[in-house]
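Input: a single structure, listed below in structure tokens.
For reference, positions follow the sequence shown, starting with 1.
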Amino acid sequence: MRHTGFRRTAVAIGVCSSLVLAATACGSGADGAASGKTRITVNCEPPRSAKTDRAFFEADTAAFEQAHPDIDVVAHDAFPCQDPKTFDAKLAGGQMEDVFYTYFTDVRHVVDLGQAADLTPYLKELKSYGSIQKQLRDIYTVDGKVYGIPRTGYSMGLVYNRALFRKAGLDPERPPATWEEVRAAARRIAALGDGTVGYADYSAQNQGGWHFTAELYAQGGDVVGADGEKATIDTPEGRAVLRNLHDMRWTDDSMGSKQLLVINDVQQMMGSGKLGMYLAAPDNIPILVKEKGGDYQDLALAPMPGGHATLIGGDGYMFRKQATPAQIRAGLKWLDHMFLTPGKGFLGDYARAKKHDAPVGLPEPRLFTGAADATDQRVKQANANVPVENYRAFLDGNGKLRLKTEPPHAQQIYSVLDGTVSAVLTQEDADIDQLLKEASGKIDSILARD
């Protein structure tokens, strides 16, 4: 599911630029032609409207080209980094950039279409590969072959308002660790009155299905069985998710009367100080402050309640099938320089980010392990400009949870589950067993199309 923050807001253009690639296709063709250089096209350059990010990206790419004078990088920008409406058409038409952006959920699809280059023989060219978290590397590994490189990762947690916790007599240093505690805290916060909502959730535009999935994982359940053939939502864990939402909405009245909410609605509620808790990733926090009126001091993050698992997502880069060996080697070097050197590059130059008033010190993304992670965290902490202590519970608790990716055919499944969640939140007499049975049948039909 799409998330927020720049790492999900810039993308490849769907057509060639006649000014830059006048005689070539969108891919860079024969390695760079008359210049004698290896030319690679890449995407997800920040759009010109994101002036600071665009300047950083251009400066980092220029520095890379200076350090590698035999490589020419042609970057494409657009919004967002991947447009589902054009992604498959670009793949099928051979118009994808040599190095192209993907969500974690795209990997199997791109490989199945036969449009991804096998990077396995070239991994020695990527100095950072061994330092990247294994569970993230594994996402881009299909049938023992590596088809992509992760760039960022996120995991879901519980965003909560410390000021409202204090006002409701709750301890902000001890956020809810179970769904029973979430429900109890939501009641206390809603009882403050004046339009205050204890807990909010999404239930439209596929976002309700996304959050149902996250909450099901947190309960210890799953959306699809291990064989990928049948839904596994009509279970005690699935019923627990819907029963909890139903009871908070109708028995406790702690979710407010306005439903069919989407991410912008909930962020607005939290930023205005009228919401106690909702599920999100750390990248929501700067949006709550910079766009929705929130205060860093009031916003905190805890791990997913329940102690079982959390939903993870993220992005990375794959290489088009037609890329030459020279282009693959050049692209891997570019990824190392831009995104995968701890404490440096487009995502890791924390001193530069701080200088330009970008938030530094959020608990994610956390891409590396071992010495690389230690270096990255040390530089981040040295430049932190947000209250990192507010995220300590998230950091401490997240390491104890299983990390689970989104289900196959995620968007189609989320569309089905949207109706399930919205029914529970808008109909007091909703039949939870029947809703799960119907949704399960629809998901089985989606899975059967493979």
Side-chain angles (χ1 to χ4, degrees), residues 5-22 24 26-29 31-33 35-83 95-102 126-128 149-152 283 286 290 315-320 323 327-360 365 367 376 379-380 383:
F6 167 71
R7 69 174 188 253
R8 297 190 164 270
T9 57
V11 88
I13 54 177
V15 295
C16 298
S17 165
S18 59
L19 295 176
V20 176
L21 303 176
T24 70
C26 278
S28 59
D31 279 6
S35 68
K37 297 182 178 183
T38 297
R39 171 178 289 180
I40 56 171
T41 53
V42 304
N43 65 14
C44 204
E45 180 181 30
R48 294 188 184 280
S49 57
K51 294 181 180 179
T52 300
D53 286 330
R54 176 74 169 225
F56 290 170
F57 194 98
E58 290 179 342
D60 291 337
T61 299
F64 172 78
E65 290 179 324
Q66 185 174 9
H68 300 84
D70 59 332
I71 299 174
D72 180 25
V73 180
V74 178
H76 295 166
D77 76 345
F79 180 89
C81 276
Q82 183 205 112
D83 185 349
Q95 294 183 324
M96 200 60 78
E97 285 77 7
D98 300 314
V99 188
F100 61 95
Y101 175 97
T102 54
L126 191 68
K127 295 182 294 184
S128 61
I149 308 299
R151 184 187 75 150
T152 68
D283 64 356
K290 293 181 176 294
D315 58 45
Y317 278 93
M318 300 177 76
F319 288 62
R320 74 186 189 109
Q327 289 173 320
I328 292 174
R329 293 186 178 99
L332 291 173
K333 290 176 182 177
W334 180 76
L335 290 176
D336 252 333
H337 176 88
M338 291 292 289
F339 308 116
L340 302 175
T341 301
K344 298 181 180 179
F346 181 67
L347 298 177
D349 190 339
Y350 302 120
R352 179 175 67 181
K354 180 180 180 180
K355 182 178 178 181
H356 288 81
D357 197 32
V360 178
L367 188 65
D376 193 63
V379 179
K380 179 186 283 190
N383 292 281

Checklist entry - Looking only at heavy atoms, which two atoms of L126 and L335 are closest? And how far apart? => result CD1-CB, 4.4 Å
Checklist entry - Any donor and acceptor pair, going by atom type alone, linking the side chain of D70 with main-chain N or O of T38 inside 3.5 Å? => result no
Item to check | Atom of V360, atom of A353 and distance for their closest heavy-atom approach | outcome: CG2-CB, 3.8 Å
Checklist entry - If you draw a 6.0 Å radius around NZ in K290, do more than 12 non-hydrogen atoms from other residues or ligands fall strictly inside? => result yes
Checklist entry - Can you check whether P46's main-chain N or O pairs, donor with acceptor, with R54's side chain at less than 3.5 Å? => result yes
Checklist entry - According to the interplanar angle, ranging from 0 to 90°, do the rings of F57 and F339 count as parallel (below 30°), tilted (30 to 60°) or perpendicular (above 60°)? => result tilted
Checklist outcome for this item: One should read off an interatomic distance between H356 NE2 and T52 OG1, to the nearest 0.5 angstrom, of 5.5 Å
Next on the checklist: Is there a side-chain contact between E45 and V73 in this structure, where contact means two heavy atoms from C-beta onward sitting under 4.5 Å apart?
Outcome noted: no
Checklist entry - Between L367 and L340, is any pair of side-chain heavy atoms under 4.5 Å apart? => result yes
Next on the checklist: Between E65 and I71, is there a side-chain heavy-atom distance shorter than 4.5 Å?
Outcome noted: no
Checklist entry - Once you round to the nearest 0.5 Å, how far does NZ of K127 lie from NE2 of H337? => result 10.0 Å
Checklist entry - Are any non-hydrogen side-chain atoms of D98 and R320 less than 4.5 angstrom apart? => result yes
Checklist outcome for this item: In terms of heavy-atom contacts, P69 and K37 come closest through O-CE, 3.2 Å
Next on the checklist: Suppose the criterion is side-chain hydrogen bond (donor to acceptor under 3.5 Å, both in side chains): which pairs have a residue in residues 340-354, not counting sequence neighbours?
Outcome noted: D60-R352, Y350-D376
Checklist entry - How about P365 and R151: do any of their side-chain heavy atoms sit closer than 4.5 Å? => result no
Checklist outcome for this item: When every non-hydrogen atom of N383 is compared with those of A351, the smallest separation belongs to OD1-CA, 3.4 Å
Item to check | Test item: Q327 and F319 side chains (from C-beta on) under 4.5 Å apart, heavy atoms | outcome: no
Checklist entry - Once the angle between the rings of W334 and Y317 is folded into 0 to 90°, is it parallel (under 30°), tilted (30 to 60°) or perpendicular (over 60°)? => result perpendicular
Checklist outcome for this item: One should read off an interatomic distance between E58 CD and T61 OG1, to the nearest 0.5 angstrom, of 8.0 Å
Checklist outcome for this item: Note: G331 and V99 closest approach over all heavy atoms is CA-CG2, 4.1 Å
Checklist outcome for this item: What one should report as the nearest heavy-atom pair of C44 and Y101 is SG-CD1, 3.6 Å
